[in-house]
Amino acid sequence: MYLSREEEKILQGGSGEAKRLAMKILCAIGDFFHAEKLIQIESAHVSGVSYKTGGEALIEVLEKFVESNPKTAIMSSLNPSGMDRKNWKEMGINDAFAAKQNKIIKMYQSMGILDVCSCIPYELGNVAKNGDHISFSESSAVTFMNSFFGAYTNRESGLSALASAIIGKTPSYGLHLTENRKPDVLVEIEAKLINPTDYGLVGYSIGENFGSKIPLLQKVSSIDIQQTKYISAAMAASGSIALFYINEQSCGKLERKDSEKMIIDQKHLEELKENFAPTSQPDIVMIGCPHTSVSTLKIISELLESPVSDRCKLWIFTSRPIKLVAESMGYVQKIEKMGGRVFCDTCPVVCPMPRFDLALTDSIKAAHYLPTMSKIESAAESLKNCIKIAMGGKIQ
Ligand code: F3S
């Protein structure tokens, strides 16, 4: 990969150890993917925050970086950590874990990375314009940024996004090149998608079928932020899809007439719902994968017409800034008065969850990861049904 004189100097250590390390990482990736050069990026989002998933290795790597006191070159934000930074005891987290987790967050803060601890940084100011090059490392946010805003990012790892945040650049390959962003498979959605969970189910099926391809979704009249969040998260979990398009106006026709095609009709959607439906009463309902928006906290507070059943917990996950806004509107107070809990800074997958038998969620991504990452059986239903069941409603 070509390096300018300035970039060469950084690689030789002329700008300090952290920048040398970051440049070394970017060069290794660039060389591996045959990138021609580094390009300027507008912002970064860094995953790899939870002590549960990163462990001591994460601390050791971050210690190497912070030794020379680097600062990020661009706007950068942080993914969820392994605990609520205020109410961690209530989540069953022990002192030793909390100390390690706080240490990790402090190291990121010291580099100037915004400690939003959220996977929806695009609802917290880390947004992009069509065509902006960025470096994001949370898979659901990658798909969201590429597909909703038309930003250009690859699926970065936590380390490569951190390196990009420090240098302000990324190797130019993959989805940073316009010629690699053309749709190559067609999905006709004939089913009626009613809520974000339906979008998640469809996304899950697309990811399972098409791996890392770029789908063009047809017969979808429009898609809003919540629907995009859920479909992006699911297709990036069952597959590794990083970009999709809605209707031809956004990307033009498919070049190959014989491209693979998938039709999702009502029968297919009903089968998907069936696969994720609960078969027994859950002992916890979890909402917030991706993190809950203010608008969804409002909906939950309205759906909670009676208290949460004493046989089921209701845990909702969001970012601290979003919780603050929802508190100022009284949504959080209403949810907690009814027996629910709103946790911040973490998520059901990256925190060490206490033992539960069955978690019900409205998120297909969370339902996918909970059995392996948190050793909790999972099922999925629409938000409305999740809250109904949390209030003691019987499963159908
Ligand atoms: Fe976000 Fe955690 Fe889901 S990071 S997308 S809430 S697995």
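Indexing begins at 1, ligand by ligand and atom by atom, following the structure's order.
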In a check of side chain to side chain donor-acceptor pair (under 3.5 Å) between His133 and each of Lys169, Gln40, His176, which one passes?
His176
Output the list of atoms in ligand 1 that are nearer than 4.0 Å to some heavy atom of [X], sorted by atom number.
X	result
Glu138	4 (S), 5 (S)
Ser140	5 (S)
Val349	7 (S)

So does Gln12 have more than 12 non-hydrogen atoms from other groups sitting under 6.0 Å from CD?
yes
Counting heavy atoms not belonging to Gln109, are there more than 12 under 6.0 Å from its CD?
yes
Looking at ligand 1, is there an atom of it that comes within less than 4.0 Å of some heavy atom belonging to Pro80?
yes
Please state whether Gly288 comes within less than 4.0 angstrom of ligand 1, counting heavy atoms only.
yes
Test of ring centre spacing under 6.0 Å for Tyr204 and Phe276
yes
Checking a contact table here: which protein heavy atom is nearest atom 1 (Fe) of ligand 1, and how many Å away?
Cys119 SG, 2.4 Å
Which protein heavy atom lies closest to atom 5 (S) of ligand 1, and at what distance to 0.1 Å?
Lys365 NZ, 3.4 Å
Verify salt bridge (charged side-chain N to carboxylate O under 4.0 Å, His left out) between Glu123 and Lys229, making sure each step is shown before the conclusion.
CA-CA 11 Å; Glu123 292 191 34; Lys229 274 166 76 173; 3.1 Å; yes
So, does Ser147 use its side chain to make a donor-acceptor pair with the main chain of Phe244 at under 3.5 Å?
yes
Which of these, Asp115, Asp84, Leu124, Val116, sits in a side-chain contact (heavy atoms from CB on, under 4.5 Å) with Arg320?
Asp84
Of the listed options Cys347, Ser50, Ser232, closest to atom 6 (S) of ligand 1 (non-hydrogen atoms)
Cys347
Measuring to atom 3 (Fe) of ligand 1, does Cys289 have an N/O/S atom at a distance below 2.8 Å?
yes
